[in-house]
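Note sheet for the following structure.
No hydrogens, no waters, no symmetry mates; every other heavy atom, side chains included, goes into these values. Each chain gets a letter, A, B and so on, in the order the sequences are listed, and its residues count up from 1. Computed from a predicted structure; not experimentally measured.
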2 protein chains.
Amino acid sequence: MRTEEKIFEAAFRVFQLKGFKGARMQEIADEAGINKAMLHYCFKNKELLFEAVFMNAFGKLAPQINEIFKSQDSIFEKIKKFTDSYISFVIDYPFLPQFIIQEMNNNPEFVTKFLEKENRPDPTKLIHQIENEIKLGILKPINPKQLLIDIFSMTVFPFAAQALLKGMIQVSNEEFMQLMEERKKYIYEQIITSIKK
Amino acid sequence: MRTEEKIFEAAFRVFQLKGFKGARMQEIADEAGINKAMLHYCFKNKELLFEAVFMNAFGKLAPQINEIFKSQDSIFEKIKKFTDSYISFVIDYPFLPQFIIQEMNNNPEFVTKFLEKENRPDPTKLIHQIENEIKLGILKPINPKQLLIDIFSMTVFPFAAQALLKGMIQVSNEEFMQLMEERKKYIYEQIITSIKK
DNA sequence: ACATTTGTTAACCAAATGGTTAAACCAAAT
DNA sequence: ATTTGGTTTAACCATTTGGTTAACAAATGT
């Protein structure tokens with residue numbers, strides 16, 4: 001179904017840029033190069049179209065996150081893999097993080113709705129692992145949740161707050177992406193240094 | 001002007017929660033306990049009301065940020081003061097960061113508009129200072145911009161991605177705020193450990 | 001060949017929404 | 001007491017917006 005895809009991709013772009021409330025069905029139709037009625041023919045209504053887009057967006061990110069939560073690697077290895085693969089991925093979808101965060105904040109019910117899914121990112125195993133490696137004396141005694149927050153903060157924030165950051169530290173889009181490229185390795189080194197005993 | 005304040009505070013709450021596009025003038029009027037026409041009497045239109053709120057919001061945060069950019073302290077001291085005072089402040093306005101980031105992303109023109117102000121946060125001095133302390137051998141050789149991004153990421157992200165984080169690591173609002181309280185000291189220690197030579 | 005389902009459109013509709021108007025209210029000045 | 005100025009409201013208006021309808025075209029099955 002060619003048309004359905006065109007709509008979906010148009011919706012993906014528009015929703016990502018304008019958010020749910022800001023997006024206009026007409027704009028999505030124009031972007032897809034079809035009549036507005038087609039939107040409702042293919043995707044009942046705005047909510048459902050948005051939900052499809054949002055779940056797809058989250059579905060793209062979840063595997064990246066789950067990797068770090070589920071794999072058998074050591075903490076160090078996990079952090080290395082995560083920062084690298086997450087940033088690599090997000091460089092290709094630079095507006096995904098802010099989109100997901102924004103809509104989660106604006107529609108808190110999404111959070112619960114999403115946590116009901118089976119493959120939801122669940123950090124409990126990782127947290128146990130951290131606690132264990134602390135006991136073993138591999139890591140300094142820190143709050144595992146804080147470390148988790150660190151990892152996400154360092155990787156996700158620059159993309160989520162892109163506009164503000166670019167403006168504040170005065171870098172072009174190219175320089176910014178260059179910084180992010182450099183950041184893959186950088187984050188890993190910083191975090192390891194700060195938690196290794 | 002009692003009414004004007006009531007409107008402003010109502011708008012502050014509603015805009016923060018729903019964003020510019022999501023906020024309804026009627027809702028702001030209800031929240032302020034006045035007639036919708038009063039909004040337009042006091043603040044011409046939605047854009048102007050929003051701009052007042054947004055600039056005020058940013059105006060509250062800017063001093064916190066400028067402190068770290070302008071003071072004469074050492075890097076270590078700056079980071080300590082910043083994380084502590086920023087988080088303390090934001091605990092009282094937990095939705096400010098996401099609000100500012102969201103609207104900056106949705107209205108990129110705000111960024112340029114804001115960068116024109118005189119008291120805009122300007123990190124060049126801090127960056128020079130970092131470069132200098134690296135030369136002096138106090139800090140490891142790192143990219144100063146990365147360090148800057150780290151500091152913001154670690155402090156701001158948890159608030160900006162509040163809904164997602166709370167859901168993912170499964171903490172109540174109280175536990176979350178407790179984590180943030182703990183985080184004031186934690187961030188400082190982590191960063192120092194990772195950059196001190 | 002023909003009927004039926006599927007895809008597509010232009011025109012239309014009702015509700016929501018930002019914004020306006022004209023009248024009422026009310027305190028202070030005259 | 002009356003005027004006058006700002007303040008407040010109810011009712012109204014124009015536009016936008018999500019959504020529908022009915023007609024039409026294009027496949028698709030028989």
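A straight line from CD1 of A:I28 to P of D:dG19 spans 11 Å, rounded to a whole angstrom. As rounded to whole Å, 18 Å separates atom C1' of C:dA27 from atom CZ of B:R2. As a whole-Å value, the separation of B:E27 CD from C:dT17 P is 10 Å. What separates CD of A:Q26 from C1' of C:dA11 is a distance of 13 Å, to the nearest Å.
With a 3.5 Å limit on both pairing distances and Watson-Crick or G-U wobble geometry required, the stems of 3 or more pairs in DNA chain C span C:1-30 with D:1-30.
The stretch residues 137-149 of chain A participates, sequence neighbours left out, in these side-chain hydrogen bond (donor to acceptor under 3.5 Å, both in side chains) pairs: A:N143-B:E182, A:Q146-B:E182, A:Q146-B:R183. Residue pairs meeting the ring pair (Phe, Tyr, Trp, His ring centres under 6.0 Å) criterion with at least one member in residues 117-147 of chain A: none, sequence neighbours excluded. The list of ring pair (Phe, Tyr, Trp, His ring centres under 6.0 Å) pairs with a residue in residues 13-45 of chain B, not counting sequence neighbours, reads B:F15-B:F50, B:F20-B:F50.
Checking A:R24, A:K36, A:R13 one by one against A:E31, the salt bridge (charged side-chain N to carboxylate O under 4.0 Å, His left out) holds for a single residue, A:R13.
Residues passing the side chain to side chain donor-acceptor pair (under 3.5 Å) test with A:E51 are A:K113, sequence neighbours excluded. Applying the side chain to side chain contact (heavy atoms under 4.5 Å, CB included) test to B:F76 and every residue at least two apart in sequence or in another chain returns B:S74, B:I138, B:L139, B:Y188, B:I192, B:I195, B:K196. When the side chain to side chain contact (heavy atoms under 4.5 Å, CB included) test is applied to A:L17, no partner is found at least two apart in sequence or on another chain. Among residues two or more places apart in sequence or in another chain, the side chain to side chain contact (heavy atoms under 4.5 Å, CB included) test is passed with B:N35 by B:A37. Listed by chain and number, the residues in a side chain to side chain contact (heavy atoms under 4.5 Å, CB included) with B:F95 are B:Q16, B:Q98, B:Q162 (sequence neighbours excluded).
Side-chain nitrogen and oxygen atoms of B:T3 include at least one within less than 4.0 Å of the OP1 or OP2 phosphate oxygen of D:dT8.
Looking at A:F89 and A:L96, their side chains come closer than 4.5 Å, going by heavy atoms from C-beta outward.
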Trace of the side chain to side chain contact (heavy atoms under 4.5 Å, CB included) decision for B:D122 with B:N66
CA-CA 7 Å; B:D122 176 8; B:N66 272 327; 5.9 Å; no
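Remark: nothing in residues 15-24 of chain A comes within less than 4.0 Å of DNA chain C through any heavy atom. Taking every heavy atom of residues 29-48 of chain B and every atom of DNA chain C, pairs under 4.0 Å involve B:K36, B:A37, B:H40, B:N45, B:K46, by number.
Geometric assessment of A:K78 against the ring of A:Y86 yields a negative cation-pi assignment under the 6.0 Å and 45° thresholds.
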I'd like a table of atom pairs between the protein and nucleotides 23-25 of chain D - only N or O on both sides, under 3.5 Å - with the distance next to each one.
none

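Counted within 6.0 Å of NZ on A:K185, heavy atoms from surrounding residues, nucleotides or ligands total 12 or fewer; the atom is thus considered open.
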